[in-house]
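For reference, the structure discussed in these notes is given below.
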Protein chains: 2
Amino acid sequence: MKKKSKSQIVYDHIEELVISGEIKPGERLPSEAKLCDILNVSRVSVRAGIEKLVAIGLVSKKKGGGTYVNKPSSDNYLSVFTPTLLHNTDYLELLEIRRALDSLAVQLCAKNITEAGIRKLAEIVEDMEHITDDGDFFALDKKFHLLISKYSKNRFLHNINLITWDVIQKTLRQNYNKVMNAARIVEHRKIYDAIIHKDSDLAKIFTLRHLEDIIDTFVCEYNQESQYEAIRRQRRR
Amino acid sequence: MKKKSKSQIVYDHIEELVISGEIKPGERLPSEAKLCDILNVSRVSVRAGIEKLVAIGLVSKKKGGGTYVNKPSSDNYLSVFTPTLLHNTDYLELLEIRRALDSLAVQLCAKNITEAGIRKLAEIVEDMEHITDDGDFFALDKKFHLLISKYSKNRFLHNINLITWDVIQKTLRQNYNKVMNAARIVEHRKIYDAIIHKDSDLAKIFTLRHLEDIIDTFVCEYNQESQYEAIRRQRRR
DNA sequence: TGAAATAACTTATATTACAAGTTATTCCGG
DNA sequence: CCGGAATAACTTGTAATATAAGTTATTTCA
């Protein structure tokens, strides 16, 4: 267990304040001096920690005025990855992106995956089928999809996926668990089978269905309409 | 013209060193003390600037050892967006993602765009058709696609797009200009027409073709093979 | 020659001080 | 009592200095 740096303590503390909703977007952080007292570190460390949060776009500083939590609509583009509280509509937006990118990832993965990769993927699928605790599913699901994007050999794709799952883990686990059920596990198996047979088209189809099922379940649960749903309905006409 | 903060001076200076290739991934930055001398600022400011670069994943610090430019393969996921020098293969990876996300964006855009948005889009397309300087094309192309993702009303999608174009602008303009030609302008007009007729399916098709043409041109230019090309060839069999 | 000891260097943190900008309060004329 | 100007209190920005702690290069000595 490596010791956390002082600036990391500050970073984590403020991030937690924002994720938990204790400080909402638009609101002001405690002043640097107060944070020094609370966390028992020097102002140098407080400033270093805040500096990082500024860089990723979670907060903004105003000389003489204080430090404020950015609103999600901030034009700082890195704010995509900031762990602000996400609402259900935000989650749908995220799922729409997953639909587009996961289907690309699985295509590339089926083409590029190695024997070692297949073994790892097999292990995950099997673990998933013998799950006892509901909480474990999240970890396995994340692993499964990240492994696929890793073997897509497209680093940008994989990195975007890492971010996506990081956001899901930090802010959406409650919502997430509600859309989990036995059907998801079968879908993973199907995707896996398509990958090992190097059938990228089939893998893509199963991945699209997988994401569409997740979206459907989520929309049902919350009686909301996704933009994707609207497009699909339009197509049926 | 707002005055740059000291830490921003440091940030920009180091970013420039990396983008220009003066300091390559894996190499060490000048020490904090040296940067103080070079830039004539205090160590506090040097550290604040570097702290931001650490946060976005461009560099990593080793206590006692120095500060190093990260390699693109760094597992710091924000490194996707860091302005390290990108090679041609990296650009192809980026184009593959654009293919997946731009087609989604244009679908949503056709559904959600407002009258004001259409007017803005029209202006861009017309400017594009009356272009005199080649250099202007980049700015208009960027504007066009960012406007589409903006009106997709999916904030994640738009933010990823902002990042993508930022990376292109910072690191890929030379490559980019080579794939530009008159055909691109016609393609934009077609996409625009589909959008104003609210035909999301057609808009998607034209966008896919647009990106595939760009990829083809780029691949021809550099005699490289994109993963996407391989998939397309496979499908033809 | 080789390994341990040492020196030199580098980042991490703390303290103090002041500059410069913002916000809240006080004060005073009407 | 009201309104606005002056002021005080607060907050971030920058600097200088000092020390701790880790890494790297050099020296020393067996």
Side-chain angles (χ1 to χ4, degrees), chain A residues 1-15 17-18 22-71 74 76 82, chain B residues 1-15 17-18 22-71 74 76 82:
Chain A
M1 182 62 187
K2 208 174 157 188
K3 211 182 80 181
K4 265 202 281 190
S5 72
K6 299 294 173 79
S7 65
Q8 194 58 42
I9 291 173
V10 176
Y11 182 102
D12 291 343
H13 181 254
I14 297 173
E15 187 188 54
L17 287 177
V18 176
E22 202 157 328
I23 308 179
K24 295 188 176 55
E27 290 180 0
R28 205 177 71 171
L29 257 54
S31 72
E32 295 178 353
K34 278 180 193 163
L35 286 168
C36 290
D37 288 346
I38 295 170
L39 299 172
N40 198 33
V41 296
S42 77
R43 210 180 137 212
V44 175
S45 304
V46 168
R47 286 181 59 77
I50 291 177
E51 211 63 59
K52 285 188 208 170
L53 293 166
V54 171
I56 67 162
L58 184 65
V59 302
S60 293
K61 294 198 280 189
K62 222 169 42 170
K63 183 176 178 179
T67 305
Y68 295 81
V69 176
N70 282 337
K71 292 177 182 167
S74 162
N76 180 328
T82 59
Chain B
M1 182 62 189
K2 208 176 159 189
K3 211 184 79 179
K4 264 201 282 189
S5 72
K6 299 294 173 82
S7 66
Q8 194 59 42
I9 291 173
V10 175
Y11 182 101
D12 291 343
H13 180 254
I14 297 174
E15 188 188 55
L17 287 177
V18 176
E22 202 157 330
I23 309 180
K24 295 186 176 59
E27 290 180 0
R28 204 176 73 171
L29 258 55
S31 72
E32 295 177 353
K34 278 180 193 163
L35 287 168
C36 291
D37 289 345
I38 295 170
L39 300 172
N40 199 32
V41 296
S42 78
R43 217 184 127 206
V44 175
S45 305
V46 168
R47 286 182 59 79
I50 291 178
E51 212 64 60
K52 286 188 206 168
L53 293 166
V54 171
I56 66 162
L58 184 64
V59 302
S60 292
K61 293 199 280 189
K62 221 168 45 167
K63 182 174 178 181
T67 305
Y68 295 81
V69 176
N70 283 336
K71 294 177 182 169
S74 163
N76 181 327
T82 59

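Lettering follows sequence order; numbering is per chain, from 1.
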Legend entry - Any B:S45 side-chain nitrogen or oxygen under 4.0 Å from OP1 or OP2 of D:dA15: yes
Legend entry - For atom CD of A:Q8 and atom C1' of C:dA12, their distance in whole Å: 14 Å
Legend entry - Rounded distance in Å - NZ (A:K52) to C1' (C:dA12): 11 Å
Inset, instruction - Decide yes or no for B:K52 and B:E15: does some side-chain heavy atom of the first lie under 4.5 Å from some side-chain heavy atom of the second? - result: no
Legend entry - Whole-Å distance separating the NZ atom of A:K6 from the C1' atom of D:dA21: 12 Å
Legend entry - Of A:A48 and A:G65, the one whose closest DNA chain C nucleotide lies more 5': A:A48
Inset, instruction - Starting from P on D:dT12, measure out to NZ on A:K61 and report it in whole angstrom. - result: 8 Å
Inset, instruction - Can you measure from NE2 (A:H13) to CG (A:L53) and round to the nearest 0.5 angstrom? - result: 12.0 Å
Inset, instruction - Determine whether A:I9 and A:S45 make a side-chain contact, defined as any pair of heavy atoms from C-beta on separated by less than 4.5 Å. - result: no
Inset, instruction - Round to the nearest Å and state the distance from B:K63 atom NZ to C:dA12 atom P. - result: 8 Å
Inset, instruction - Find the distance between OG (B:S5) and CG (B:D12) and round it off to the nearest 0.5 Å. - result: 8.5 Å
Inset, instruction - Take atom CD1 of A:I50 and atom C1' of D:dG13, then tell me their distance rounded to the nearest Å. - result: 13 Å
Inset, instruction - Take B:R28 and B:S7, find for each the nucleotide of DNA chain D with the closest heavy atom, and name the residue whose nucleotide sits nearer the 5' end. - result: B:S7
Inset, instruction - Search all heavy atoms of B:E32 against all heavy atoms of B:I50 and return the closest pair with its distance. - result: CG-CD1, 4.3 Å
Inset, instruction - Please list, by residue number, the residues of residues 29-42 of chain A whose heavy atoms come closer than 4.0 Å to an atom of DNA chain C; answer none if no residue qualifies. - result: A:V41, A:S42
Inset, instruction - Calculate the interatomic distance between B:R43 atom CZ and D:dA15 atom P; express it in whole Å. - result: 13 Å
Legend entry - Inter-residue atom distance A:E22.CD - A:I14.CD1, 0.5 Å rounding: 12.0 Å
Legend entry - OG on B:S7 to CG on B:L39, rounded to 0.5 Å: 11.5 Å
Legend entry - Residue B:Y68, side-chain heavy atoms: nucleotide from D:dT14, D:dT24, C:dT11 that is nearest: D:dT24
Inset, instruction - May I have the distance from A:K62 (atom NZ) to C:dT23 (atom C1'), rounded to whole angstrom? - result: 9 Å
